[in-house]
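Report on one structure; see the data block that follows.
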Amino acid sequence: VVFCCRRCTRLSLTRRRRRRRRRRRGRSRSRRQILLLYKRFRTLDKGKRGYLQSSDLTGSIPELSINPLNKRVAYFYDGINFKEFVRILAPYSPKASPNDKIKALFAVWDVNGDGRVCKEDVAMVLREACGTNMMEAEVARVVARVFEACEKKIGRRVGVEGMSVVEFESVMGGTDIGLGVDFSTI
């Protein structure tokens with residue numbers, strides 16, 4: 001870049017330095033967090049393979065082993081490398097947007113991975129969460145109530161195909177989603 005005079009050159013350099021400093025400041029915090037996450041990833045990777053297995057998680061995180069949805073949660077982390085680990089944990093960050101948190105929640109409820117949350121998906125998650133404490137008739141009643149409430153909020157009937165991400169966002173929008181992880185303990 002050619003400038004007309006020394007003064008313009010100095011101003012340009014000063015602006016560039018300020019921009020770099022701002023970028024570094026914002027990055028330094030996230031760099032520290034990434035280093036902590038990497039350290040935790042290596043701790044979780046018992047076989048030093050460079051990827052996680054569900055058994056690595058359930059044995060290493062006591063909170064996960066007592067969680068009724070531990071198999072469902074461990075499924076997301078099975079066979080992932082460090083980059084995927086960071087991407088999966090991103091919605092749990094305090095800096096994550098509500099939409100990112102809703103999409104992460106959608107992924108948990110979309111059991112069959114077809115991009116829609118249908119009644120069967122909700123029933124499967126309920127069965128995992130409740131185990132044998134809930135009879136099939138009770139599961140069916142809860143699922144029916146959940147979809148009735150969703151239909152009221154959306155303003156139309158949810159068909160057999162279930163809810164898309166957009167419909168799920170409109171149902172969950174305005175709800176305080178308490179997705180959060182204390183990154184210092186990971």
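Position 1 is the first residue of the sequence, and the numbers go up from there. Just so you know, these numbers use all the heavy atoms, side chains as well, and skip hydrogens, waters and symmetry mates.
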Nearest 0.5 Å, please: how far is [atom2] in [Y] from [atom1] in [X]?
{"X": "Lys119", "Y": "Glu161", "atom1": "NZ", "atom2": "CD", "answer": "10.5 Å"}
{"X": "Asn133", "Y": "Leu126", "atom1": "CG", "atom2": "CG", "answer": "12.0 Å"}
{"X": "Lys83", "Y": "Arg87", "atom1": "NZ", "atom2": "CZ", "answer": "11.5 Å"}
{"X": "Asp100", "Y": "Leu105", "atom1": "CG", "atom2": "CG", "answer": "12.5 Å"}
{"X": "Ser97", "Y": "Ile102", "atom1": "OG", "atom2": "CD1", "answer": "8.5 Å"}
{"X": "Lys153", "Y": "Met163", "atom1": "NZ", "atom2": "CE", "answer": "11.0 Å"}

For the pair Arg116 (side chain) and Gly162 (backbone), establish whether a donor and an acceptor sit closer than 3.5 Å, ignoring hydrogens and angles. yes
Judged by atom type as modelled, is there a donor-acceptor pair below 3.5 Å linking the side chain of Asp45 to the main-chain atoms of Leu52? no
Does a side-chain heavy-atom distance below 4.5 Å link Leu36 with Arg32? no
State, yes or no, whether a side-chain contact exists between Val86 and Tyr38 at a heavy-atom distance under 4.5 Å. no
Of all pairs that satisfy ring-ring contact (aromatic ring centres under 6.0 Å, His included), the ones with a partner from residues 102-124, not counting sequence neighbours: Phe106-Phe168
Keeping to residues at least two apart or across chains, list the ring-ring contact (aromatic ring centres under 6.0 Å, His included) pairs with something in residues 135-160. none
Residues that [X] engages under side chain to side chain contact (heavy atoms under 4.5 Å, CB included), provided they are two or more places apart:
{"X": "Val146", "result": "Val142, Cys150"}
{"X": "Tyr51", "result": "Arg49, Gln53"}
{"X": "Asn112", "result": "Asp110, Asp114, Cys118, Asp121"}
{"X": "Tyr77", "result": "Leu57, Val73, Ile80, Phe85, Ile88, Leu89, Tyr92"}

Taking all non-hydrogen atoms of both residues into account, name the closest pair between Arg42 and Lys48 and its distance. O-NZ, 3.1 Å
Not counting sequence neighbours, which residues clear side-chain hydrogen bond (donor to acceptor under 3.5 Å, both in side chains) with Arg127? List them please. Glu136
Are Ile34 and Phe82 close enough, and set up right, to give a side chain to side chain contact (heavy atoms under 4.5 Å, CB included), and what steps lead you there? CA-CA 10 Å; Ile34 288 173; Phe82 178 68; 4.0 Å; yes
